[in-house]
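In the text below, chain A, chain B and the rest are named by the order of the sequence lines, each starting its count at 1.
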2 protein chains.
Amino acid sequence: MESFVYTILAILARDSGSSFEIAKKMDLCWQTKHNQIYPILVELEERDLIFCTTIPQSGKPDKKVFSITEQGKEALAKWVPNVFQEPIIRDGFLAKIYAQWLLDPDTMVQLLEERMQFFQHKIGEHESEIAQLEADAGASLKDPSSPHFGRYILLMRKLQMEQDESDWCAWALAFYQKEPIIQYE
Amino acid sequence: MESFVYTILAILARDSGSSFEIAKKMDLCWQTKHNQIYPILVELEERDLIFCTTIPQSGKPDKKVFSITEQGKEALAKWVPNVFQEPIIRDGFLAKIYAQWLLDPDTMVQLLEERMQFFQHKIGEHESEIAQLEADAGASLKDPSSPHFGRYILLMRKLQMEQDESDWCAWALAFYQKEPIIQYE
DNA sequence: CTTGGCATGTAACGAGTTACATGATTTG
DNA sequence: CAAATCATGTAACTCGTTACATGCCAAG
């Protein structure tokens, strides 16, 4: 929960945005559904760590744009050097791999191909986001004092991880094709 | 939850074990605390997907060894080709990276080094587990019809992922050392 | 002699998801 | 003209963690 709250602050520190926009950016660090962030935003506003500007819109409900306050930035900076955070990973697909010996090879091949496609799709998305960032931010991307640097290096990490996942699928698939051709390690 | 339950079944399909032993093996697929598995084991036993042999022990509470039933194997095999499972990742460290521009470089360097060490430690653990597996199972490790194959390829994947995480930390650290020497991509 | 691992569980609480409610605008 | 995306939120429910309870054995 703590990490979840500070992820919102970290996102708002880089750029103001609506609850909906925040929700989309969360995925890179902390997966969640948009519902969860509404009550937190209220709480953060009460604690003066963020503030909200309401933009009236015709037809739609008002758009609420949240921004971080100086206090918010301080709270965030104070949290960062705190206790070590263990990453949480839960992946049902891996249980399926664990149980693969009970299944026919065709099912497993299909499963692995589906997974590979999933990551290939993600890779495409992240590649275009990086290209966008490069176009927008230019050289500041590689400057640790720029607010874009963090997102940039996280995107690069995600991309590499997804490439690895995809490579691993290819490697695993080779075992079912009788000819293990791909080197992995 | 569903994936969680089937992960238990997948582990028991490979090898019988106590609740405690299951809990330790869960980490590779689905991180959880041991408390959560006790009520599930009761439920699975009621549904005849697993059965339990109680071994009396002096001093300690009885050791309960759980094994999968034929019905359990069938249920597991039926689940595998089911709906695609999206992996869940939540990592507070990444939020810290997101917010890095608000912090002094020293803090970030320390954070990255700590993270790197964490993964290096995990790599060591998994390497010795793989060596153990290779010694125990030999050639059957690379045979998709062996019950060890699944765990083997999952361990290889974990190892690669952790190596990547560690490499990424080194890459990110280079930005703070003025000389980005490491190639990543 | 204390920390950590082995070993099993329950109860209370906090975190996270699903379903529901509502409605405009854009894309296929 | 249906589905997806933008957009905001509440309520009910399920999932997951922490705290508690108990006790042995081995290593440092």
Side-chain angles (χ1 to χ4, degrees), chain A residues 1-8 11-12 16-27 29-46 50 52-66 83-92 95 121 125 129, chain B residues 1-8 11-12 16-27 29-46 50 52-66 83 85-92 95 121 125 128-129:
Chain A
M1 189 82 219
E2 227 203 20
S3 295
F4 169 67
V5 172
Y6 285 101
T7 304
I8 295 175
I11 288 167
L12 289 179
S16 302
S18 69
S19 45
F20 208 78
E21 288 164 335
I22 298 166
K24 273 186 295 176
K25 289 177 187 165
M26 293 288 291
D27 268 37
C29 311
W30 198 271
Q31 282 180 29
T32 184
K33 311 284 162 176
H34 71 97
N35 315 270
Q36 210 180 351
I37 85 169
Y38 294 105
I40 306 297
L41 288 171
V42 172
E43 192 201 301
L44 288 174
E45 203 182 353
E46 278 166 7
I50 61 173
C52 170
T53 319
T54 307
I55 298 166
Q57 293 186 121
S58 52
K60 303 180 195 184
D62 295 349
K63 184 170 183 169
K64 288 175 153 190
V65 175
F66 294 92
V83 279
F84 179 80
Q85 311 280 318
E86 271 218 45
I88 296 163
I89 298 175
R90 294 202 181 96
D91 196 340
H121 178 70
E125 282 180 350
E129 207 192 329
Chain B
M1 191 85 221
E2 226 204 18
S3 296
F4 169 68
V5 173
Y6 285 100
T7 303
I8 296 175
I11 288 167
L12 290 178
S16 300
S18 67
S19 45
F20 208 78
E21 289 163 336
I22 299 167
K24 274 186 296 177
K25 290 177 187 164
M26 292 288 292
D27 269 39
C29 311
W30 197 269
Q31 283 180 30
T32 185
K33 312 285 163 180
H34 70 99
N35 315 271
Q36 211 181 349
I37 86 170
Y38 293 105
I40 306 297
L41 288 171
V42 172
E43 193 202 300
L44 288 174
E45 203 183 352
E46 279 168 4
I50 62 174
C52 171
T53 320
T54 307
I55 298 166
Q57 293 187 124
S58 51
K60 304 182 197 182
D62 296 349
K63 185 169 180 168
K64 289 174 153 189
V65 175
F66 294 92
V83 278
Q85 310 280 316
E86 271 218 47
I88 296 163
I89 299 175
R90 295 201 180 99
D91 195 341
H121 178 72
E125 282 180 352
S128 56
E129 206 192 330

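- Listed nucleotides D/dT8, C/dT10, D/dT18 differ in distance to A/H34; the shortest reach to its side chain belongs to D/dT8.
- The distance between atom CD1 of A/I37 and atom P of C/dG16, rounded to the nearest whole Å, is 13 Å.
- Rounded to whole Å, the distance from CD on A/E2 to C1' on C/dC13 is 17 Å.
- Phosphate contact (OP1/OP2 of D/dC6, side-chain N/O of A/K24, threshold under 4.0 Å): present.
- Here A/T7 contributes atom OG1 and B/R90 contributes atom CZ; the two are 10.5 Å apart, rounded to the nearest 0.5 Å.
- In the set D/dG9, C/dG9, C/dA15, C/dG9 carries the atom at the smallest distance from any side-chain atom of B/K64.
- The separation between A/E21 atom CD and D/dC6 atom P is 9 Å, rounded to whole Å.
- Between the CD atom of A/Q85 and the P atom of D/dT17 there is a distance of 14 Å, rounded to whole Å.
- For the atom pair CD1 (A/I40) and OG1 (A/T32), the distance works out to 9.0 Å, reported to the nearest 0.5 Å.
- Remark: B/T54 OG1 to B/F66 CZ distance equals 8.0 Å, nearest 0.5 Å.
- As a whole-Å value, the separation of A/E43 CD from D/dT10 C1' is 17 Å.
- The distance between atom CD of A/E86 and atom P of D/dG16, rounded to the nearest whole Å, is 17 Å.
- Computed from coordinates, the A/F4 CZ to D/dG16 P distance equals 16 Å when rounded to whole Å.
- Taking every side-chain heavy atom of B/F20 into account, C/dC6 is the closest of C/dA15, D/dG16, C/dC6.
- Residue B/T32 places none of its side-chain N or O atoms closer than 4.0 Å to OP1 or OP2 of D/dG16.
- Distances shown here put every side-chain N or O of A/K33 at or beyond 4.0 Å from the OP1 or OP2 atom of C/dA15.
- For A/Q36, whose side chain is taken as the heavy atoms from C-beta onward, the closest listed nucleotide among D/dG16, C/dG16, D/dT8 is C/dG16.
- One atom, NZ of A/K25, and another, P of D/dA7, lie 12 Å apart when rounded to the nearest Å.
- Candidate nucleotides C/dT17, D/dC6, C/dG9 were compared by shortest atom distance to the side chain of B/R90, and C/dT17 ranks first.
- Among the nucleotides D/dG9, C/dA15, C/dG9, the one closest to any side-chain atom of B/N35 is C/dG9.
- Residues B/S19 and B/L41 share a closest heavy-atom pair of CB-CD1, 3.5 Å.
- Put simply, the side chain of B/M26 reaches to within 4.5 Å of the side chain of B/I8, judged on heavy atoms.
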